[in-house]
Each structure stands twice: as structure tokens, then as C-alpha cells.
Amino acid sequence: VLAKTDIFADDTLAHRLQSRPGRRWLHVSAIRVSTDDDAAAPICWTDLYIDGDYTALMRRELPGYRHAVAALIEERHGRRVSEIRQTIRAAGLTENVAAALMAAPGDHTLEITRRYVDAAGIAFITTFSLHPSDRFAYEMRLQRRSDSAES
């Protein structure tokens with residue numbers, strides 16, 4: 001964890017978070033590093049936006065908590081993730097994020113956005129993770145079922 005900041009979403013951030021302007025969030029910036037190789041470049045930069053109702057909990061528990069933030073919220077407050085909505089898109093690195101990731105400004109990245117949504121359909125955690133292109137691959141297998149009808 002690099003920084004924790006209490007914020008109120010302006011119009012731009014609210015749009016990005018698919019939220020309403022004025023909503024309170026805890027913004028956490030973090031770097032993910034490999035536990036196997038101390039010399040390896042960081043894996044990704046993540047900006048977490050956590051519902052402001054959980055600010056005290058997160059300030060107390062982060063960075064020592066080593067599990068998913070959603071699990072901590074569920075464990076302590078009972079708010080469950082009903083759905084995770086994920087989007088993967090191309091992005092570029094800003095100067096400060098590039099420096100932290102040991103990459104060059106403007107380098108290509110994959111930005112993975114995850115919205116953690118409760119049963120009422122409200123996102124209470126949104127994360128934006130930037131993975132330099134040489135440090136991430138997304139792989140998927142599609143298989144044809146053998147019982148499918150051939151025309």
C-alpha cells in the first residue's frame with residue numbers, strides 16, 4: 001500500500017466508478033510485487049476505491065491484511081459480493097505509475113477494472129489495475145461440446 005486518501009467523487013470520478021457525485025470513498029493506491037523474486041519488476045499498480053463506510057476498518061487493517069478487501073468487509077460487516085463485473089482494456093502508463101512499475105511513460109498496459117457488487121446491485125469496491133504488457137497475459141479456452149448437433 002502506497003497511499004490511502006479519503007475522497008468525495010467529483011463528476012469525472014463518479015462517472016468512472018459508475019457512482020454518484022459526492023459519494024465518499026477511500027482511495028488506496030498499491031503495488032503488487034512477486035513474492036518469489038525480490039529483484040523482479042512490480043506486477044501491477046492498483047487503485048482501489050472502497051465505500052467510505054469502511055474507511056476506519058481499512059485504515060486499521062491495511063496493509064497488514066493479506067486477503068481480499070471484499071472478504072474483510074464481509075467478515076466484519078456482513079456485506080457480501082453478489083457479483084464481480086470485470087472489464088479488460090488497453091491503456092497507457094502515466095509518468096508516476098510508470099516509475100513505480102519500472103516501466104516507461106506511455107508504455108502499453110492492460111487495465112483490469114473490477115466492480116464488486118452487492119445483492120442490491122451497488123458497487124462497494126471498484127479496482128483499476130494496470131499491468132505492463134510484458135507482465136500479464138489473459139488466456140481463455142473455448143471447447144466445442146461433443147454432444148452438439150452438427151448441421
Side-chain angles (χ1 to χ4, degrees), residues 1-77 79-118 121-143:
V1 172
L2 303 174
K4 291 179 268 191
T5 309
D6 296 301
I7 60 169
F8 289 89
D10 61 14
D11 289 342
T12 303
L13 181 59
H15 178 72
R16 189 163 191 234
L17 294 173
Q18 297 177 357
S19 180
R20 62 174 167 70
R23 186 171 172 193
R24 186 169 58 107
W25 296 90
L26 176 64
H27 174 207
V28 178
S29 295
I31 293 276
R32 182 175 296 157
V33 295
S34 172
T35 57
D36 297 335
D37 184 0
D38 291 337
I43 297 166
C44 75
W45 172 285
T46 300
D47 285 307
L48 298 95
Y49 292 87
I50 304 163
D51 186 317
D53 288 347
Y54 308 111
T55 296
L57 173 66
M58 291 302 133
R59 287 195 173 280
R60 190 173 55 251
E61 299 291 336
L62 293 176
Y65 191 77
R66 295 289 178 221
H67 304 284
V69 169
L72 179 60
I73 291 171
E74 181 177 352
E75 177 185 308
R76 304 288 169 81
H77 291 276
R79 192 172 188 182
R80 279 187 73 133
V81 173
S82 175
E83 178 181 18
I84 298 173
R85 300 172 185 160
Q86 179 173 279
T87 304
I88 301 173
R89 69 177 192 88
L93 286 176
T94 61
E95 196 169 320
N96 67 322
V97 173
L101 290 175
M102 295 185 225
D107 271 3
H108 298 289
T109 66
L110 287 177
E111 180 184 76
I112 300 175
T113 301
R114 290 189 181 107
R115 298 181 201 293
Y116 296 78
V117 178
D118 64 15
I122 299 169
F124 61 99
I125 304 167
T126 298
T127 66
F128 302 98
S129 297
L130 292 169
H131 297 263
S133 61
D134 62 341
R135 300 177 212 165
F136 183 86
Y138 180 78
E139 184 176 316
M140 179 173 41
R141 282 178 52 180
L142 303 172
Q143 291 183 323

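Values reported hereafter were calculated over all heavy atoms of this structure, with side chains retained and with hydrogens, waters and symmetry mates removed.
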Closest non-hydrogen atom pair, [X] against [Y]:
X	Y	result
Asp10	Leu13	OD1-N, 2.7 Å
Ser19	Trp25	OG-CZ2, 3.6 Å
Arg80	Phe124	O-CE2, 3.9 Å
Leu101	Leu130	CD1-O, 4.0 Å
Pro21	Ala14	N-CB, 3.5 Å
Lys4	Arg59	O-NH2, 3.4 Å

Next on the checklist: Between the side chains of Arg79 and Asp53, is the shortest nitrogen-to-carboxylate-oxygen separation below 4.0 Å, so that they form an ion pair?
Outcome noted: no
Checklist entry - Within a radius of less than 6.0 Å around NE2 of His77, do more than 12 heavy atoms belonging to other residues, nucleotides or ligands occur? => result yes
Checklist entry - Should we count CD of Glu95 as having more than 12 external heavy atoms under 6.0 Å? => result no
At what distance, to the nearest 0.5 angstrom, does [atom1] of [X] lie from [atom2] of [Y]?
X	Y	atom1	atom2	value
Thr127	Tyr116	OG1	OH	4.5 Å
Gln86	Arg115	CD	CZ	11.5 Å
Leu17	Ile125	CG	CD1	12.0 Å
Ile88	Ser129	CD1	OG	10.5 Å
Ile122	Arg20	CD1	CZ	9.5 Å
Thr55	Leu26	OG1	CG	4.5 Å

Checklist entry - Which residue, Asp47, Leu2, Leu62, forms the side-chain contact (heavy atoms from CB on, under 4.5 Å) with Val28? => result Leu62
Item to check | pair Tyr138-Ile112: side-chain heavy atoms closer than 4.5 Å | outcome: no
Item to check | Ring-face cation contact, Tyr49 with Arg16, 6.0 Å cut, 45° max | outcome: no
Checklist entry - Between the main-chain N or O of Thr113 and the side-chain N or O of Thr87, is there a donor-acceptor pair closer than 3.5 Å? => result no
Item to check | Sidechain-backbone polar pair: Arg135 side chain, Pro42 backbone, donor-acceptor under 3.5 Å | outcome: yes
